[in-house]
Amino acid sequence: MPRPGQRAVLSPDGADIWFSYRAGGVWNVGSRSTGGDHKLTERSTGRAPDELPIFLVGDPVHALLAYNVVVSPDGKRYSGWVPGNNEGDVFAVPAGTAALTNSTPKVADNGCAEAVGWLDDTTLLCSAGDANLAAVAVDGPTSQEQQPILPDTNRTNIGMVISPDGGQVVFLSAAGTEREYWISGTKRGATPKKVERTGEFSALGDTAVFIEWR
């Protein structure tokens, strides 16, 4: 009998829950519908690494196993990493359920291990040290200099979510125990605007995480 599922994730349409499970001594990826008889549907054709999280990509949707997966707006490429391959390279989105491995061929020369997301089909927004964010052209020369978008400060700045048009980003700015949230344009020289904790943001706490821009 299959062991209970792990690393569960809900499909975009809410119709299925995908997860990894162990059966016959092998880890697999499967899903169960959120309605009906909840029958197990196998989604992988081979061993699925049990330590990797599941991201759902593509149309029709399928599983991609890796860390920190962010898919380009056109759905063709993604940035991600696995232990032993932590440079955050750019790879082609597979046609079916698959896991990123150290032998997966990259399809672009530039990337970053902790990408915030894509600004467009050819540009990633990446962490630039602890204090800044930078736009990286994934198809450009590997020697190109990153272009930080935030003013130089003595604070730690962590990107959270990018607007659908790639023009703005929400980031957490920390100094000691102080936590602030800011919105900035994604072009170099943009002037960040602080998110004031008033009105609809009056309940915003120090541990809030922005996960989606609507």
Side-chain angles (χ1 to χ4, degrees), residues 1-83 85-86 88-101 104-108 111-125 138 158-166 168-170 207-214:
M1 293 290 293
R3 289 178 56 182
Q6 299 183 18
R7 303 185 182 277
V9 59
L10 185 67
S11 63
D13 62 3
D16 301 282
I17 297 176
W18 292 57
F19 51 87
S20 57
Y21 68 96
R22 189 176 178 85
V26 177
W27 284 93
N28 303 277
V29 173
S31 70
R32 295 185 187 275
S33 64
T34 54
D37 60 7
H38 311 299
K39 183 179 179 180
L40 174 66
T41 300
E42 294 184 6
R43 299 290 188 172
S44 58
T45 57
R47 178 186 178 276
D50 63 293
E51 74 277 6
L52 296 180
I54 295 174
F55 292 83
L56 298 182
V57 300
D59 184 17
V61 70
H62 49 278
L64 175 57
L65 284 73
Y67 287 103
N68 202 54
V69 170
V70 286
V71 179
S72 60
D74 63 8
K76 295 180 179 179
R77 301 191 288 185
Y78 73 95
S79 172
W81 64 275
V82 293
N85 178 1
N86 57 8
D89 288 321
V90 175
F91 308 91
V93 171
T97 291
L100 177 62
T101 71
T104 301
K106 64 180 182 178
V107 295
C112 52
E114 297 298 332
V116 181
W118 294 77
L119 302 182
D120 54 44
D121 291 331
T122 62
T123 311
L124 279 169
L125 185 64
V138 299
I158 302 171
M160 288 190 167
V161 65
I162 297 170
S163 62
D165 64 1
Q168 295 179 287
V169 60
V170 175
T207 58
V209 177
F210 289 76
I211 59 173
E212 187 176 11
W213 192 303
R214 295 183 178 180

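Every value quoted in this text rests on a predicted model; they were computed, and no experiment measured them.
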Heavy atoms of L10 and I17 approach each other most closely as CD1-CG1, 3.9 Å
On the 0 to 90° scale, with breaks at 30° and 60°, tag the W81-Y67 ring pair as parallel, tilted or perpendicular. parallel
Closest non-hydrogen atoms of F91 and K106, given as atom of the first, atom of the second and distance, are CD2-CA, 3.8 Å
Within the structure provided, determine whether W213 and I162 are in side-chain contact (heavy-atom separation under 4.5 Å).
no
Open item on the list: Counting C-beta onward and ignoring hydrogens, is there a side-chain heavy-atom pair between L124 and V90 closer than 4.5 Å?
Closed with: yes
Looking only at atom types and distance, does a side-chain atom of S79 sit under 3.5 Å from a main-chain N or O of V70, one as donor and one as acceptor? no
In this structure, CZ of F19 is separated from CG of L40 (nearest 0.5 Å) by 5.0 Å
Separation between OG1 (T123) and CH2 (W118), nearest 0.5 Å, reads 8.0 Å
Side chain to side chain donor-acceptor pair (under 3.5 Å) filter on T34, not counting sequence neighbours, yields none
- Quick one: do the R43 and S31 side chains pair a donor with an acceptor below 3.5 Å? yes
**Report entry** Any donor-acceptor pair under 3.5 Å from D74 side chain to D121 backbone
**Finding:** no
When every non-hydrogen atom of N28 is compared with those of V26, the smallest separation belongs to ND2-O, 3.1 Å
Smallest heavy-atom separation, D16 atom then S33 atom, equals OD1-CA, 3.4 Å
*Hey, does V57 have a side-chain heavy atom less than 4.5 Å from the side chain of H62?*
yes
Closest non-hydrogen contact found for M160 with A208 is CE-O, 3.6 Å
query = Does any non-hydrogen side-chain atom of T97 lie less than 4.5 Å from one of W18?
reply = yes
Value for OG (S44) from CG (L65), rounded to nearest 0.5 Å, stands at 8.5 Å
*asked:* If you count every heavy atom of other residues, nucleotides or ligands that lies below 6.0 Å from E51 atom CD, does the total exceed 12?
replied: yes
When every non-hydrogen atom of A63 is compared with those of V29, the smallest separation belongs to CB-CG1, 4.0 Å
N/O donor-acceptor pair under 3.5 Å between S72 side chain and R77 backbone:
yes
When rounded to the nearest 0.5 Å, the distance separating CG of L52 from CG of L100 is 8.0 Å
